[in-house]
Asks: 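Pasting a structure here, questions to come.
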4 protein chains.
Amino acid sequence: MVKSKQELIYEATLSLIEDNYQLTQIKVGDIAKKANIGKGTIYEYFDSKEEVISEAIAYMIKGWVQELEDILEENEGFEKSFRSILRNIFPMMEKKQQIFMGFLMLSKSSENSVDSLHKLMEKNNEDIQKKLLHLYEKIVDKSLEEGIINEKPDLFDWYFAVNSAIMCVLIYEDQFANQKVFSRNVEYSQEEIVEKAYGTFVKLLG
Amino acid sequence: MVKSKQELIYEATLSLIEDNYQLTQIKVGDIAKKANIGKGTIYEYFDSKEEVISEAIAYMIKGWVQELEDILEENEGFEKSFRSILRNIFPMMEKKQQIFMGFLMLSKSSENSVDSLHKLMEKNNEDIQKKLLHLYEKIVDKSLEEGIINEKPDLFDWYFAVNSAIMCVLIYEDQFANQKVFSRNVEYSQEEIVEKAYGTFVKLLG
Amino acid sequence: MVKSKQELIYEATLSLIEDNYQLTQIKVGDIAKKANIGKGTIYEYFDSKEEVISEAIAYMIKGWVQELEDILEENEGFEKSFRSILRNIFPMMEKKQQIFMGFLMLSKSSENSVDSLHKLMEKNNEDIQKKLLHLYEKIVDKSLEEGIINEKPDLFDWYFAVNSAIMCVLIYEDQFANQKVFSRNVEYSQEEIVEKAYGTFVKLLG
Amino acid sequence: MVKSKQELIYEATLSLIEDNYQLTQIKVGDIAKKANIGKGTIYEYFDSKEEVISEAIAYMIKGWVQELEDILEENEGFEKSFRSILRNIFPMMEKKQQIFMGFLMLSKSSENSVDSLHKLMEKNNEDIQKKLLHLYEKIVDKSLEEGIINEKPDLFDWYFAVNSAIMCVLIYEDQFANQKVFSRNVEYSQEEIVEKAYGTFVKLLG
DNA sequence: AATGAATGAGCTTTCATTCAT
DNA sequence: TATGAATGAAAGCTCATTCAT
């Protein structure tokens, strides 16, 4: 299938983010160059640089959330599904940590922001937050069905529990993996971290 | 006591951040205006705008960590101290969420960053991370002394536990307080959240 | 009769001018949209945007001059004809004042102009100027025939006299009609202005 | 006396207009180069390119009107003064015809204009128009005092009379001087044109 | 030491023009 | 013949930094 120009532009943008550009210093010219198209072409499809970036990110995140939902749909048991989800966080983290963490914490912080990039992102944020919350709830409901937890806790509590499990992976990857902490290597296998993460959920809600 | 020029500049910068400027769009001119000094003066004390911002942030965070350590030093019991720490997160969040969350997740993400602001921040990050880890460990050690937990867990585990407790406050403030989630208000009192946060630590390590 | 593509393009262009676009900010895309044709099509018939605009204007002016000449051809007496011409200036002014005034003063001013639109216009100017002069002369000759004036004055004098009569209408419409001048309304009926304009010619040459 | 930066910028702009740039295609970079200053400097003194150009023109015109008023103040008799004014039009025309004619016809034409340059000009136009009208009235009043005309005509009539006299000079310079019209040279001396122009005023109001 | 006027590199965006279909 | 997606040169404007005072 031929990629639409939009997708081409999204992917060029995301690949710049992978190259560790900070969002705010991505240049339209860079995107065009990566995508092998003219600068002007970008403006045929988007109204501004900010729109390109914010939509590219939304595009990526929606993809991620979808991937994780697909895992749930496979109708394996809760534990298997959730562990599989956690395991899938690793490759997602690989290159796009900032975005990943940023969006897990999609926040009202930029509410009064003067920055137009952030203003535009908020338009997508609500939608993404909804999708994410929906995914979290599916996870929780599955654990309920299987009796892993006995009774559905408050919204905040189950949100925080799922989030913490995922955070476990993120924090490990972001701050411990391949690094010395207190001059000590703190290395675990991926499977060990998944174990800890899964355990976090159970401890918090079980 | 007379404020040093540096401090004057730090505070002007931080006050801009409180005004919800995105880091990357703070202008040297704005800082100078806030500080009531000339633009040129800033360059007598710093080599670049990036240096000003990153050091201002480091200055703020070190202050925060110090404040939290001071609470521990007051030699109240563990539970009282830790709850007091958690309670102190709220005002810190108030205006500087982005920074706060950003630094809790001080990460290797910007490792290869093209962005010079982030490059400079890393110089301070290691130092700050060390201070933070140190604070976390003091917390954990205190809980050990009092038998709240029985045996010192692995570095990653205790780090994650303290971090999760703090995250509980952050996530509540950032994503639930004063907002509808799933069209529902999910309001808790500050004390209820402190309760949940403290409980998180206990559940994870207890 | 089917309109030629060229005419279609001229009319789209002129209608943009009526909409009060400044000449220099008319976009090829706007013309194409107005004309309901593709942008590329315009370049099948014209070499550049400037050519389109300058020829559209020439097309319009030649039309005007022709209209005025037709009035003279009707073989009414001089006074009736000239008054009729003056009366016909009003609707011409309506929407295209800038053009109208610009062309009455078609000038050598743009002689060394760097601007390519004006360079191209000059190609048409000479032709239009000739037509206009010819019209003026016909008017003067008619007045001679009827003894309104006794003897044919110098070229500059009769040109200036006809021009002043027309200017009388233009200046009234452009600067007095529907406006306060010195905080006073200075309103005349169209017929009163025609009277003044006609009188101007007679006073200057009679 | 040292020229203010503003004046420097005005003069650079006006000198570009003398070089026959069309207003709309003057580049900020050109102005800066002419003025021997950096592009950025211009934005220290003006908010936009349009502001620079429109204020430069207003600056020039106010200068002209002042020059002509000064002549009236010299308290020579009417005829001498008015002829002197007319004589002074020639050098003003020399290089800035477009502007000169444009402003004599300062018009409501651009009222609904989409073009921001013209929008800004209008802010100055009213002021300039007032000054011009004031000058015209002084001329007329002087002619009244000396009995050149018997009774003060209507506003429109005296405005049109003075304007026509000036137009006589302008049209001669713009369309006849140094040009062939109908293949004939139509050359007059400057003094002959002043004679015709003065005569126009007298014929129209006398 | 402190300043802020001056700078110009570097950015986003526009739009006339081309050309494959 | 007609098209409009693609282009990239060109322009306005911003702002970190310098440096004469």
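The analysis underlying the following values was restricted to heavy atoms, covering all of them including side chains, and did not include hydrogens, waters or symmetry mates. The chains referred to below are lettered A, B, ... by the order of the sequence lines, with proteins before strands, and numbering in each begins at 1.
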Asks: Given atom CD of A/Glu50 and atom C1' of E/dT13, what is their separation to the nearest angstrom?
Replies: 12 Å
Asks: Considering heavy-atom distances to DNA chain F, does A/Lys5 or B/Ser48 have its closest nucleotide positioned more toward the 5' end?
Replies: A/Lys5
Asks: To the nearest Å, how far apart are C/Asp47 CG and E/dA16 P?
Replies: 16 Å
Asks: Using the side-chain contact (heavy atoms from CB on, under 4.5 Å) rule, take B/Val52 and B/Ile26 through it: C-alpha gap first, then chi angles, then the decisive distance, then the call.
Replies: CA-CA 11 Å; B/Val52 175; B/Ile26 290 174; over 6 Å; no
Asks: Should D/Leu16 and D/Lys27 be marked as a side-chain contact (heavy atoms from CB on, under 4.5 Å) after you check the CA-CA gap, both sets of side-chain angles, and the distance that decides it?
Replies: CA-CA 10 Å; D/Leu16 288 174; D/Lys27 318 288 172 241; over 6 Å; no
Asks: Could you give the distance from CD (C/Glu11) to NZ (C/Lys34), rounded to the nearest 0.5 Å?
Replies: 12.0 Å
Asks: Would you kindly compare A/Glu44 and D/Glu44 by the position of their nearest DNA chain F nucleotide and give the one closer to the 5′ end?
Replies: A/Glu44
Asks: Taking all non-hydrogen atoms of both residues into account, name the closest pair between B/Leu8 and B/Ala35 and its distance.
Replies: CD2-O, 3.9 Å
Asks: Hey, can you pull the residues of residues 34-42 of chain C with a non-hydrogen atom under 4.0 angstrom from DNA chain F?
Replies: C/Ile37, C/Gly38, C/Lys39, C/Gly40, C/Thr41
Asks: Can you measure C/Glu51 atom CD to E/dA16 atom C1' for me and round it to whole angstrom units?
Replies: 14 Å
Asks: Any non-hydrogen side-chain atom of A/Lys5 less than 4.5 Å from a side-chain atom of A/Ile37?
Replies: yes
Asks: When you look at A/Tyr59 and A/Leu14, which way does the side-chain contact (heavy atoms from CB on, under 4.5 Å) test go after all the steps?
Replies: CA-CA 10 Å; A/Tyr59 168 84; A/Leu14 296 172; 4.0 Å; yes
Asks: Atom CD1 of D/Ile9 and atom C1' of E/dA5: how far apart are they, to the nearest Å?
Replies: 12 Å
Asks: Specify the closest pair of heavy atoms between D/Ile17 and D/Ile57, including all atoms of both residues, with the distance to one decimal.
Replies: CD1-CG1, 4.1 Å
Asks: Within this structure, what is the CD-to-C1' distance between A/Gln6 and F/dA5, rounded to whole angstrom?
Replies: 13 Å
Asks: Looking at E/dT12, E/dA1, E/dT17, which one has an atom nearest to any side-chain atom of B/Tyr45?
Replies: E/dA1
Asks: Within this structure, what is the CD1-to-P distance between B/Ile31 and E/dG4, rounded to whole angstrom?
Replies: 16 Å
Asks: Nearest to the side chain of C/Lys27 - F/dA16, E/dA16, F/dG12?
Replies: E/dA16
Asks: With a cut-off of less than 4.0 Å, is there a side-chain N or O of A/Tyr43 near OP1 or OP2 of E/dT14?
Replies: no
Asks: Using atom CG of C/Asp30 as one end and atom C1' of E/dT17 as the other, report the distance to the nearest whole Å.
Replies: 15 Å
Asks: Nearest 0.5 Å please: distance from the CD atom of A/Glu51 over to the OH atom of A/Tyr43.
Replies: 10.5 Å
Asks: Would you mind reading off the distance between D/Phe46 atom CZ and E/dA6 atom P, rounded to a whole angstrom?
Replies: 12 Å
Asks: Pairs counted only when both distances fall under 3.5 Å, Watson-Crick or G-U: show me the 5' to 3' dot-bracket for DNA chain E, [ ] for pseudoknotted crossings and | for other-strand partners.
Replies: .||||||||||||||||||||
Asks: Is any side-chain heavy atom of C/Ile9 closer than 4.5 Å to one of C/Glu55?
Replies: no
